[in-house]
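Please read these numbers as outputs of a predicted model, since none were measured by experiment.
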Amino acid sequence: MPGGAPKLEDRPVAPAPQGPDHAEGLFAALTDPRIYAFLDGDPPGSVEEVRDRVERLMAGGPPDGSETWLNWTVFCGESVVGFTQATIETQGTASLAYVLSPAVWGRGVAQLAAELTMTELASRHGISHLLADTETANLPSQRLLHRLGFAETHRRGSDIFYARDI
């Protein structure tokens, strides 16, 4: 990241590697139906459902090894407010995603969490190229991707695809 990466311990927002002990906080943060307006699926039905998902993701990828999954729980202070994730499909390239509670929308939390995740991807995982996508109607996510330095690459159906080098 230009100007040096913010250190996790210096920030009120901190992504931490996701674990089953985060399930209760993730459940609380991700039950608001507004989150799912532009996502496939519904809010989680239980803490156990979230814990099962986290445990599946902790496997690190599908059995065939075709991709690597990296997942972080985003904390704002002591509270869990959502997650960031990356899928590495090829050497040096990953897809970035983020889902955060409406309680922190519009406060810069998503931007900082994404920036910290991007720094982690570059410094610890050798990622130099990022991809992302969002729906055409999801204007807040589009604005965030632009602030993060992503540029639109193409559109397909109701999706807009973005890329950036880091």
Side-chain angles (χ1 to χ4, degrees), residues 1 8 13-19 22-23 25-27 29-44 49-50 52-62 66-76 80-90 92-166:
M1 302 297 305
L8 290 180
V13 174
Q18 203 167 77
H22 298 156
L26 285 165
F27 175 74
L30 302 176
T31 56
D32 190 313
R34 292 177 290 172
I35 296 170
Y36 302 88
F38 303 110
L39 299 176
D40 296 329
D42 297 314
E49 183 181 320
V50 174
D52 290 346
R53 180 181 185 277
V54 168
E55 288 174 350
R56 278 192 310 277
L57 293 172
M58 287 179 67
S66 60
E67 56 190 31
T68 301
W69 303 330
L70 302 169
N71 297 274
W72 296 270
T73 297
V74 177
F75 289 84
C76 189
V80 172
V81 295
F83 65 86
T84 59
Q85 63 186 36
T87 302
I88 302 171
E89 296 180 15
T90 62
T93 299
S95 295
L96 176 70
Y98 42 83
V99 176
L100 293 148
S101 168
V104 296
W105 289 357
R107 294 178 39 204
V109 173
Q111 182 170 343
L112 183 53
E115 288 170 348
L116 290 166
T117 300
M118 291 165 41
T119 298
E120 175 83 4
L121 289 168
S123 66
R124 294 188 186 231
H125 300 282
I127 300 302
S128 58
H129 188 71
L130 285 170
L131 306 171
D133 65 88
T134 190
E135 289 195 12
T136 55
N138 191 346
L139 299 178
S141 189
Q142 291 170 44
R143 288 190 294 267
L144 174 58
L145 288 169
H146 286 286
R147 285 193 310 273
L148 292 169
F150 282 82
E152 183 179 328
T153 59
H154 64 285
R155 294 177 182 231
R156 184 175 44 223
S158 63
D159 294 318
I160 306 173
F161 295 85
Y162 296 85
R164 75 156 282 174
D165 292 329
I166 54 175

_Those residues that, when tested against Asp32, pass side chain to side chain donor-acceptor pair (under 3.5 Å) (two or more places apart)_ = Arg34
*Rounded distance [0.5 Å steps], CG in Leu116 versus CD in Gln111*: 10.5 Å
*How long is the span from the OG atom in Ser95 to the CG atom in Leu70, to the nearest 0.5 Å?*
11.5 Å
*Using a 4.5 Å cut-off on heavy atoms from C-beta on, say whether the side chain of Pro62 contacts that of Glu67.*
yes
*Hey, what's the ring geometry for Phe161 with His154, parallel, tilted or perpendicular (30° and 60° as the breaks)?*
parallel
*Answer yes or no: is there a side-chain heavy-atom contact under 4.5 Å between Tyr36 and Pro43?*
yes
_Any heavy-atom pair between the side chains of Thr117 and Glu120 that's under 4.5 Å?_
no
*Please report the shortest heavy-atom distance between Ala114 and Leu96, naming the atom on each side.*
CB-CD2, 4.5 Å
*Might you point out which heavy atoms bring Phe150 and Ala132 nearest each other, and give the distance in Å?*
CE2-CB, 3.9 Å
*Determine whether Pro17 and Trp72 make a side-chain contact, defined as any pair of heavy atoms from C-beta on separated by less than 4.5 Å.*
yes
*Can you name the nearest heavy-atom pair linking Gly82 to Leu100, along with the distance?*
CA-CD2, 4.0 Å
*Where do Leu130 and Ile127 come nearest, in terms of heavy atoms and distance?*
CD2-CG2, 3.9 Å
*Answer yes or no for Arg53 and Phe83: cation-pi contact, defined as NZ/CZ to six-membered ring centre under 6.0 Å and angle to ring axis within 45°.*
yes
*asked:* Rounded to the nearest 0.5 Å, what separates atom CG in Asp42 from atom OG1 in Thr31?
replied: 12.5 Å
*Taking the side chain as C-beta and beyond, is there a heavy-atom pair between Arg56 and Trp69 under 4.5 Å?*
no
*Are the side chains of Val74 and Thr84 in touch, meaning some heavy atoms are under 4.5 Å apart?*
yes
*Sidechain-backbone polar pair: His146 side chain, Arg143 backbone, donor-acceptor under 3.5 Å*: no
_Rounded distance (nearest 0.5 Å) linking atom CG of Leu139 with atom CG of Leu144_ = 12.5 Å
*Applying side chain to side chain donor-acceptor pair (under 3.5 Å), run through Thr93 and His129 and close with a yes or a no.*
CA-CA 5 Å; Thr93 299; His129 188 71; 5.3 Å; no
_Criterion side chain to side chain contact (heavy atoms under 4.5 Å, CB included) on Glu152 and Gln142, from CA distance to verdict_ = CA-CA 9 Å; Glu152 183 179 328; Gln142 291 170 44; over 6 Å; no
*How close do Leu26 and Val80 get, heavy atom to heavy atom, and via which atoms?*
N-CG1, 3.6 Å
_Residues Glu135, Ile160; criterion side chain to side chain contact (heavy atoms under 4.5 Å, CB included); working and verdict_ = CA-CA 6 Å; Glu135 289 195 12; Ile160 306 173; over 6 Å; no
_How long is the straight-line distance from CG of Asn71 back to CG of Leu57, given to the nearest 0.5 Å?_
4.5 Å
*Give the minimum heavy-atom separation between Ala29 and Ile35, together with the two atoms involved.*
O-CD1, 3.5 Å
*Would you check, one step at a time, whether the test side chain to side chain contact (heavy atoms under 4.5 Å, CB included) holds for Met58 with Gln18?*
CA-CA 8 Å; Met58 287 179 67; Gln18 203 167 77; 5.8 Å; no
*Evaluation steps, side chain to side chain contact (heavy atoms under 4.5 Å, CB included), between Gln85 and Tyr98*: CA-CA 6 Å; Gln85 63 186 36; Tyr98 42 83; over 6 Å; no
